[in-house]
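Everything quoted here is computed from the prediction, not taken from an experiment. Remember, it's 1-based here, ligands and their atoms both numbered in the order they're listed.
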Amino acid sequence: MSLLVVGSIALDSLETPFGKKEDVLGGSATYFSTTASFFGPVQLVAVIGEDFPESHLQFLRGRGIDLEGLTREAGRTFRWKGKYGWELNEAQTLDTQLNVFESFSPNLPAAYRETPYVFLGNIHPELQSRVLDQVKSPKLVAADTMNFWIQGSRPALLKTLQRVNLLFINDAEARQLSGEHNVVKAARAILAMGPSRVVIKRGEHGALLFDQDHIFACPAFPLSEVFDPTGAGDTFAGGFMGTLASSGASGKVDQQLLRKAMVMGSVMASFTVEKFSLERLREVQRPEIHARFAEFKKLTHFDDLGPLGG
Ligand code: AMP
């Protein structure tokens with residue numbers, strides 16, 4: 001089944017302890033759609049400026065992503081500048097230039113309006129809502145957000161959250177949104193804001209999935225080289241939502257499927273962080289994805305306890 005994404009397409013300038021890159025391909029929708037394209041059809045809604053390189057468009061087209069909902073407007077492409085320290089867990093935003101995003105109003109092509117799985121990537125929550133105004137009875141709506149919007153557009157974000165089934169958010173942002181320091185309490189508070197499920201991403205410490213009755217914990221893959229964490233969250237969401245959307249015609253979103261989706265999110269994110277920008281996602285092949293998924297199973301498997309003290 002197809003998957004619709006709205007989000008940012010960016011030219012990122014990144015600094016990690018391992019190097020610097022200027023104006024490389026980035027953006028929430030870019031990481032998400034590239035990742036989700038390994039699993040099935042993806043429809044992209046986003047905006048780029050006049051300066052966006054044709055080679056990047058060719059790359060997205062080459063991944064089979066439907067670009068009918070992508071518009072090019074007069075002005076510069078959205079730009080984000082971020083820096084990471086040695087712990088690599090949280091980006092420090094040095095600069096955000098909304099550029100063409102300031103006047104963007106998503107207009108969904110007719111063919112996108114009945115798409116069953118919707119992902120509202122990290123953009124202004126009002127734009128996220130405008131997308132929801134145009135889709136007809138989606139099966140599942142997931143969203144992502146970040147500190148920039150939690151702080152700057154909280155009322156709009158709270159409205160959007162009432163229309164969202166599943167929220168992806170990192171731990172610092174979950175604390176900021178909920179006002180709760182403890183991650184379990186933060187998750188409970190977010191569930192009371194609208195979503196029936198929340199995934200709290202904790203960088204190298206993995207991710208937690210919460211609903212009213214269950215918690216599932218998935219580690220991050222223990223990598224010996226982490227180069228650039230940019231896009232890990234959107235890649236996680238792409239692997240997660242791609243797994244749900246490709247789960248077959250019955251499409252029952254149960255605990256078993258959600259757990260598999262969590263692991264696939266972690267698998268895909270583990271590739272993204274191995275190189276700068278989308279470099280690793282560009283080259284990864286399906287057999288590597290299968291192999292890492294199998295590694296995850298080994299990594300987390302253990303036997304029943306049996307009697308104690310015997
Ligand atoms: P993450 O998966 O959280 O690491 O997302 C990284 C991507 O988010 C980068 O490629 C940025 O271009 C993009 N980004 C950063 N700030 C914003 C923002 N305020 N709105 C939309 N996208 C953003």
Side-chain angles (χ1 to χ4, degrees), residues 5-16 21-36 44-49 52 56 60 76-84 88-102 104 106 119-128 131 142-154 156-157 160 167-174 176-177 199-204 207 220 226-241 265-266 268-281:
V5 52
V6 59
S8 56
I9 292 194
L11 295 174
D12 286 344
S13 293
L14 310 168
E15 196 179 327
T16 82
K21 292 267 176 180
E22 292 265 312
D23 280 351
V24 289
L25 180 60
S28 55
T30 316
Y31 283 102
F32 182 93
S33 59
T34 302
T35 306
L44 178 72
V45 179
V47 62
I48 51 173
F52 192 73
H56 293 337
L60 295 171
R76 276 158 61 84
T77 300
F78 171 77
R79 276 176 169 70
W80 179 72
K81 194 171 187 177
K83 187 179 170 176
Y84 300 85
L88 286 172
N89 256 357
E90 213 183 327
Q92 184 193 348
T93 294
L94 300 178
D95 191 27
T96 301
Q97 296 175 16
L98 294 177
N99 297 334
V100 287
F101 257 117
E102 298 230 45
F104 177 58
F119 178 69
L120 307 171
N122 174 27
I123 50 167
H124 195 301
E126 256 166 36
L127 297 184
Q128 294 179 321
V131 168
D144 190 2
T145 192
M146 72 180 292
N147 48 14
F148 191 81
W149 308 115
I150 299 172
Q151 196 187 335
S153 308
R154 191 180 177 89
L157 178 61
T160 303
L167 181 69
F168 294 97
I169 192 164
N170 75 32
D171 45 5
E173 292 155 359
Q176 190 187 5
L177 177 62
V199 173
I200 300 194
K201 298 166 289 174
R202 313 183 79 192
E204 64 177 327
V226 177
F227 216 75
D228 170 20
T230 311
D234 303 304
T235 305
F236 183 99
F240 186 105
M241 292 294 286
S266 294
M268 297 309 290
S270 75
F271 289 118
T272 289
V273 302
E274 285 179 325
K275 290 193 176 175
F276 262 122
S277 178
L278 282 93
E279 284 170 21
R280 185 68 174 101
L281 276 185

>> So for ligand 1, is Ala10 a polar contact partner (N or O within less than 3.5 Å, distance only)?
In response: no
> So is Trp149 in contact with ligand 1, going by heavy-atom distances below 4.0 Å?
Replying inline: yes
> Which residue holds the protein heavy atom closest to atom 4 (O) of ligand 1, what is that atom called, and what is the gap in Å?
Replying inline: Gly231 N, 2.7 Å
> Below 4.5 Å, heavy atoms only, C-beta onward: do Thr272 and Arg280 meet side chain to side chain?
Replying inline: no
>> Only heavy atoms of Thr230, strictly under 4.0 Å: list the atoms of ligand 1 that pass.
In response: 4 (O), 6 (C), 9 (C), 10 (O)
> Backbone or side chain, does any N or O of Asn122 fall under 3.5 Å from an N or O of ligand 1?
Replying inline: yes
>> Could you walk me through whether Ile48 and Val100 satisfy the side-chain contact (heavy atoms from CB on, under 4.5 Å) test, starting with their C-alpha distance in whole Å, then the side-chain angles of each, then the deciding distance to 0.1 Å, before giving a yes or no?
In response: CA-CA 7 Å; Ile48 51 173; Val100 287; 5.8 Å; no
> Counting heavy atoms only, which part of Asp234 comes closer than 4.0 Å to ligand 1: side chain, backbone, both or neither?
Replying inline: both
> Just how far is it from atom OG1 of Thr77 to atom CZ of Phe52, taken to the nearest 0.5 Å?
Replying inline: 6.5 Å
> For ligand 1, does Tyr31 get within less than 4.0 Å through its side chain, its backbone, both, or neither, judged by non-hydrogen atoms?
Replying inline: side chain
> Near Gly233, which atoms of ligand 1 are under 4.0 Å from a heavy atom of that residue?
Replying inline: 2 (O)
>> Just to confirm my output: which protein heavy-atom neighbour is closest to atom 22 (N) of ligand 1, and how far is it?
In response: Ser8 OG, 2.8 Å
> Going by atom types only, do Thr230 and Tyr84 share a side-chain donor-acceptor pair under 3.5 Å?
Replying inline: yes
> Has ligand 1 got any nitrogen or oxygen that is less than 3.5 angstrom from a nitrogen or oxygen of Thr96?
Replying inline: no
> Roughly how far, to the nearest 0.5 Å, is the CD atom of Glu173 from the CD atom of Gln151?
Replying inline: 11.5 Å
> Roughly how far apart are Thr235 OG1 and Leu278 CG, rounded to 0.5 Å?
Replying inline: 7.0 Å
> Would you say ligand 1 has an N or O under 3.5 Å from any N or O of Ile123?
Replying inline: no
>> Taking distance alone, with N or O pairs closer than 3.5 Å, would you say Phe78 contacts ligand 1?
In response: no
>> Donor-acceptor check, side chain of Thr16 to backbone of Phe227, threshold 3.5 angstrom: yes or no?
In response: yes
> Between the candidates Met146, Glu90, Lys81, which shows the shortest non-hydrogen contact distance to atom 17 (C) of ligand 1?
Replying inline: Met146
> Which heavy atom in Ala46 sits nearest to a heavy atom in Gly7, and how many Å separate them?
Replying inline: CB-O, 3.5 Å
> Where is the nearest protein heavy atom to atom 12 (O) of ligand 1: which residue, which atom, and how far?
Replying inline: Asp12 OD1, 2.7 Å
>> Test of understanding: given a 4.0 Å heavy-atom threshold, classify the contact between Ala232 and ligand 1 as side chain, backbone, both, or neither.
In response: backbone
> Do side-chain atoms of Ser13 reach the backbone of Asp23 as a donor and acceptor pair under 3.5 angstrom?
Replying inline: yes
> Which atoms of ligand 1 sit under 4.0 Å from any heavy atom of Gly26?
Replying inline: 10 (O)
>> Nearest 0.5 Å, please: how far is CG in Leu25 from CD in Glu279?
In response: 10.5 Å
